[in-house]
Amino acid sequence: MPELPEVETVRRALEPVLTGRRLVRVEIADSRLVRPLEPLQVAAELEGERVAAVERRGKYLIVRFESARSLLIHLRMTGSLRHAPAGTLADDPHRRAVVRLDDGSDVAYRDVRRFGTWLVLEPGELAPYLAMRLGPEPLGPLTAARLAARFARRRAPIKAVLLDQRTLAGVGNIYADEALWYAGVHPLRPAAGLDGEEAARVHRSVRRVLRAGIERQGASLRDYVQLDGAGGTMQDEFRAYGREGEPCDRCGAPIEKIRIAGRGTWYCPHCQPSPG
DNA sequence: CTTTTTCCCTGGACGC
DNA sequence: TGCGTCCAGGGAAAAA
């Protein structure tokens, strides 16, 4: 499940591959990828474009073209990208799109569960599209005080608030649980109920786990792989996520699992004291 | 306005 | 072996 560190890892690998390259042929094999537009129409729009830059905002990959158009890619749950010389990637029933570059290589998009999306935006459309969906970048110039101010307006559980992309862009289920474990904050605590010290710990912990995730080139559980097909190693560092019944690395108490906002949530009942 | 729930989608794990 | 059921979850949309 690609979150900010996984998407950033892909972006860093994709940048030297795509920048300056022209898209000479685009095949979109799954109409759901570009719905409600037609695959042939979207492919035709992309063919001939030359890449100016590869950026990331939250969990979105942004391919900027010299034409000032952009392609917005969201991997959602099971999307992944691969890069290889043309024709060398093995047949894959889950391949949803392939882009042929003018250097004779292919970038292929795979997505088992078909939640991912590709969206072509015209000049001027990108900024407002992202602005209405995303809050600040957690690794940008966001201060603890500004994050605390966002928490103060929300009565929902801190876990749900961290997953809300308008509060903070790029945190998903894994890194939310990891950050709250490091912060020592129970995931059900109402966000507005955190004091300044606790909010500062969440701020610091979110940045810590995201940076660690990037250093480890992401967490590979099921489908996420890097551009060359290799996995990341952040899953070896998990303190809470997916560790139900295992001893907490800090105090030894068994990690517990609950559901918040429809998502599995793991935490230490001793280090992260219950709100009730 | 905020918050919660439902839906999309497939494959793997599990019980019988 | 082969079913039926549950689970994984990001974000849009609907419901509360």
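Quick note on labels: first sequence line is chain A, next is B, and so on, each numbered from 1.
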Would you say the side chain of A:F151 lies within less than 4.5 Å of the side chain of A:L162, judging by non-hydrogen atoms? yes
When we call it a touch if two heavy atoms are under 4.0 Å apart, what does A:R259 touch: a base, just sugar-phosphate, or nothing? sugar-phosphate
Report task. For the residue pair A:L33 and A:V42, establish whether any side-chain heavy-atom pair is separated by less than 4.5 Å. Result -> no
Here the distance between atom P of B:dC9 and atom CZ of A:R110, to the nearest Å, is 18 Å
Whole-Å distance, A:L188 CG to B:dT3 C1', equals 14 Å
* Any side-chain N or O of A:R153 under 4.0 Å from OP1/OP2 of B:dT2? -> no
- prompt: Touch check for A:G264, heavy atoms < 4.0 angstrom, all strands: base, sugar-phosphate only, or nothing?
  reply: sugar-phosphate
Applying a 4.0 Å non-hydrogen cut-off, can you work out what A:M77 is touching in the nucleic acid: base, sugar-phosphate, or nothing?
base
To the nearest angstrom, the CZ-P distance between A:R150 and B:dC1 comes to 15 Å
Testing C:dG11, B:dC9, C:dA8 for proximity to the side chain of A:R76, the answer is C:dG11
Is any side-chain N or O of A:R133 closer than 4.0 Å to OP1 or OP2 of C:dA12?
yes
Heavy-atom side-chain proximity of A:L101 to A:L23 below 4.5 angstrom: yes
When rounded to whole Å, the CG to C1' distance for the pair A:D92 and B:dT10 reads 14 Å
When rounded to whole Å, the CZ to C1' distance for the pair A:F238 and C:dA8 reads 13 Å
Nearest-nucleotide check on DNA chain C, A:K257 vs A:Q165; residue mapping nearer the 5' end is A:K257
*Below 4.0 Å: OP1/OP2 of B:dC8 and any side-chain N or O of A:R113*: no
Run the ring-centre check on A:W266 versus A:F238 and record whether the distance is less than 6.0 Å.
no
Select base, sugar-phosphate, or nothing to describe what A:R154 touches, counting heavy atoms under 4.0 Å on all strands. sugar-phosphate
Among B:dT3, B:dT10, C:dA8, the one nearest any side-chain atom of A:R155 is B:dT3
With the side chain defined as heavy atoms from C-beta on, A:R114 is closest, among C:dG11, B:dT10, B:dT3, to B:dT10
Rounded to whole Å, CD1 of A:I174 lies from P of C:dA8 at a distance of 12 Å
To the nearest angstrom, the CE-P distance between A:M1 and C:dC7 comes to 15 Å
A:I260 CD1 to B:dT4 P, in whole Å, measures 10 Å
Counting only heavy atoms not in A:H74, do more than 12 fall under 6.0 Å of its NE2? yes
Mark yes when over 12 heavy atoms from residues, nucleotides or ligands other than A:R155 sit less than 6.0 Å from its CZ; otherwise mark no.
no
Quick one: is B:dG11 close enough that its OP1 or OP2 comes under 4.0 Å of any side-chain N or O from A:H94? yes
Check your understanding: Does a nitrogen or oxygen in the side chain of A:R35 sit under 4.0 Å from OP1 or OP2 of C:dA12?
Key -> no
Assert: residue with more 5' nearest nucleotide on DNA chain B, out of A:R32 and A:A261, is A:A261
